[in-house]
A.B. asks: 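Here it is, the structure in full.
Hydrogens, waters and symmetry mates play no part in the numbers below; they use all other heavy atoms, side chains included.
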Amino acid sequence: MIKKIMAAILLSALPTLGIAAGEHVHLDRAPINTSDTASLQRGAALFINYCLNCHSANYMRYNRLKDIGLNDKEILENFVQPFTGGKVGDLMKNTMDVSESKVWFGAQPPDLTVIARSRASGDGSGADWLYTYLRTFYRDASRPTGWNNTTFPNVGMPHALWELQGQQEMKPTRVRGDGFMASVDKPVLAKPGKLSALEYDRAVADLVNYLVYMGEPAAHGRKNIGLGVLIFLALLFPLIYALKKNFWKDVH
């Protein structure tokens, strides 16, 4: 199992995804809170509706959604049957043919189970990278998919969430530098989508929140266990110290 997880991390780091390493970029801070079950549920819905068509999460089962407050019936009716017709205990696999994906994208879209962990770098966390990346797509007629991205230039992945965000275009924008104004090209919303800019940012935050959770579903429980152990040791220390003093009181 460890070997499979490591293989997933290595695969998710490959540049052929359309999500790959590049030069240093400014990353926006992702508002992540994996204790927010409502956000995780919304993120899971976005992931299954928009990401699972091309990508997979082969190390995650649908029934793990019970950890974020859903029951078997809700998972089956809302997340499994409408898309795969499978069972609650199935792995989150996509239905895209590997050979077709290579023709469309130049490579098979990688597994996203641990993408949030694999994207961490000196520029910021993997969550920050994903949050910035999913908000910086813009129209580019020179690209095969018609889309490009300022976080990852010449991206091979199309903008899966464009209906929600709308269409951005690169336009000169005045920004303040160190004591002067400069003009730089930035993606600017040209055609609105179904969501406002604020609503879209919140939706992306929910999606990234779920991707972070999916990379380590047991993280919250592990932290609670660790906190419990520390509290236990803190309570045990005075007793152990008193016992030590009692044993050594006659030793001079």
Side-chain angles (χ1 to χ4, degrees), residues 8-9 12-15 17-55 57 60 68 109-140 147-170 173 175 184-189 192-217 219-220:
I9 293 176
S12 61
L14 290 176
L17 155 68
I19 299 179
E23 297 179 355
H24 291 291
V25 294
H26 169 76
L27 300 180
D28 297 327
R29 184 70 178 271
I32 297 304
N33 179 11
T34 53
S35 297
D36 186 345
T37 55
S39 172
L40 291 174
Q41 290 175 13
R42 293 192 298 267
L46 286 169
F47 176 77
I48 291 171
N49 276 279
Y50 290 95
C51 304
L52 208 55
N53 295 319
C54 301
H55 296 279
M60 183 75 174
I68 60 175
D111 188 276
L112 296 183
T113 311
V114 292
I115 189 64
R117 299 176 67 181
S118 69
R119 292 309 314 158
S121 69
D123 295 323
S125 69
D128 295 341
W129 195 94
L130 290 168
Y131 181 66
T132 307
Y133 171 78
L134 291 170
R135 293 161 51 247
T136 52
F137 276 93
Y138 65 92
R139 274 295 185 185
D140 185 349
W147 294 98
N148 211 327
N149 192 286
T150 59
T151 304
F152 177 27
N154 298 324
V155 62
M157 171 181 162
H159 187 13
L161 303 177
W162 73 270
E163 289 184 329
L164 301 181
Q165 184 185 27
Q167 299 183 39
Q168 298 190 121
E169 296 178 359
M170 291 294 285
T173 305
V175 297
V184 296
D185 288 341
K186 295 183 64 176
V188 176
L189 188 64
K194 295 179 180 179
L195 304 179
S196 68
L198 181 59
E199 290 171 336
Y200 181 74
D201 285 352
R202 289 174 177 170
V204 171
D206 290 335
L207 175 57
V208 174
N209 200 27
Y210 176 73
L211 291 172
V212 171
Y213 156 79
M214 188 167 60
E216 190 178 1
H220 189 64

A.B. asks: Do you know the tightest heavy-atom contact between Ala127 and Val208?
C.D. replies: O-CG1, 3.6 Å
A.B. asks: Between Ile32 and Ala205, what is the shortest heavy-atom contact and its length?
C.D. replies: CD1-O, 4.0 Å
A.B. asks: So do Asp201 and Tyr131 actually touch side chain to side chain, heavy atoms under 4.5 Å?
C.D. replies: yes
A.B. asks: Quick one: pull up CG in Asn148 and CE in Met157 and give me the separation to the nearest 0.5 Å.
C.D. replies: 13.0 Å
A.B. asks: Over all heavy atoms of both residues, which pair between Ala57 and Met214 is shortest? Give the atoms and the distance, please.
C.D. replies: CB-SD, 3.8 Å
A.B. asks: Hey, is the main chain of Asn33 close enough, under 3.5 Å, to the side chain of Asn209 for a donor-acceptor pair?
C.D. replies: yes
A.B. asks: With a 3.5 Å distance limit and no angle check, can you tell me whether Gln41 reaches the backbone of Ile68 through a side-chain donor-acceptor pair?
C.D. replies: yes
A.B. asks: For the residue pair Leu112 and Met60, establish whether any side-chain heavy-atom pair is separated by less than 4.5 Å.
C.D. replies: no
A.B. asks: Can you see which heavy atom on Gly215 is nearest to which on Arg117, and at what distance?
C.D. replies: O-NH1, 3.4 Å
A.B. asks: With Pro153, which residues qualify under side-chain contact (heavy atoms from CB on, under 4.5 Å), at least two apart?
C.D. replies: none
A.B. asks: For the pair Tyr210 and Tyr213, name the ring-plane relationship: parallel under 30°, tilted 30 to 60°, perpendicular over 60°.
C.D. replies: tilted
A.B. asks: Are the side chain of Asp123 and the backbone of Leu27 linked by a donor-acceptor contact shorter than 3.5 Å?
C.D. replies: no
A.B. asks: Would you check if the side chain of Glu169 reaches a backbone N or O of Arg139 as a donor-acceptor pair within less than 3.5 Å?
C.D. replies: no
A.B. asks: Check whether Glu199 reaches the backbone of Leu164 with its side chain - one donor and one acceptor, N or O, closer than 3.5 Å.
C.D. replies: no
A.B. asks: Do Phe137 and Val155 pass the side chain to side chain contact (heavy atoms under 4.5 Å, CB included) test, and can you show the C-alpha distance, the side-chain angles, and the key distance before you say yes or no?
C.D. replies: CA-CA 9 Å; Phe137 276 93; Val155 62; 4.0 Å; yes
A.B. asks: Show the nearest heavy-atom pair for residues Gln165 and Arg135, with the distance to one decimal.
C.D. replies: NE2-O, 3.4 Å
A.B. asks: Taking all heavy atoms of Asn49 and all of Ala45, pick out the closest pair and write down the distance.
C.D. replies: ND2-O, 2.7 Å
A.B. asks: Does the side chain of Leu207 come within less than 4.5 Å of Leu134's, by heavy atoms?
C.D. replies: yes
A.B. asks: Looking at CG of Leu211 and CG of Leu40, how far apart are the two atoms once the value is rounded to the nearest 0.5 Å?
C.D. replies: 10.5 Å
A.B. asks: So, do Val212 and Ser125 sit near enough that their side-chain heavy atoms are less than 4.5 Å apart?
C.D. replies: no
A.B. asks: How about Thr136 and Thr151: does a side-chain donor come under 3.5 Å of a side-chain acceptor?
C.D. replies: yes
A.B. asks: Does one side chain, of His55 or Asn53, offer a donor that lies under 3.5 Å from an acceptor on the other?
C.D. replies: no
A.B. asks: Angle class for the Trp147/His159 ring planes (parallel below 30°, perpendicular above 60°, tilted otherwise)?
C.D. replies: perpendicular
A.B. asks: Applying side chain to side chain contact (heavy atoms under 4.5 Å, CB included) to Met170 and Thr150, what does each step give before you reach the verdict?
C.D. replies: CA-CA 9 Å; Met170 291 294 285; Thr150 59; 3.8 Å; yes
A.B. asks: Please report the interatomic distance CG(Leu161) to NZ(Lys194), rounded to the nearest 0.5 Å.
C.D. replies: 11.5 Å
A.B. asks: Look only at the side chain of Asp128 and the backbone of Ala30, and say whether a donor-acceptor pair between them is shorter than 3.5 Å.
C.D. replies: yes
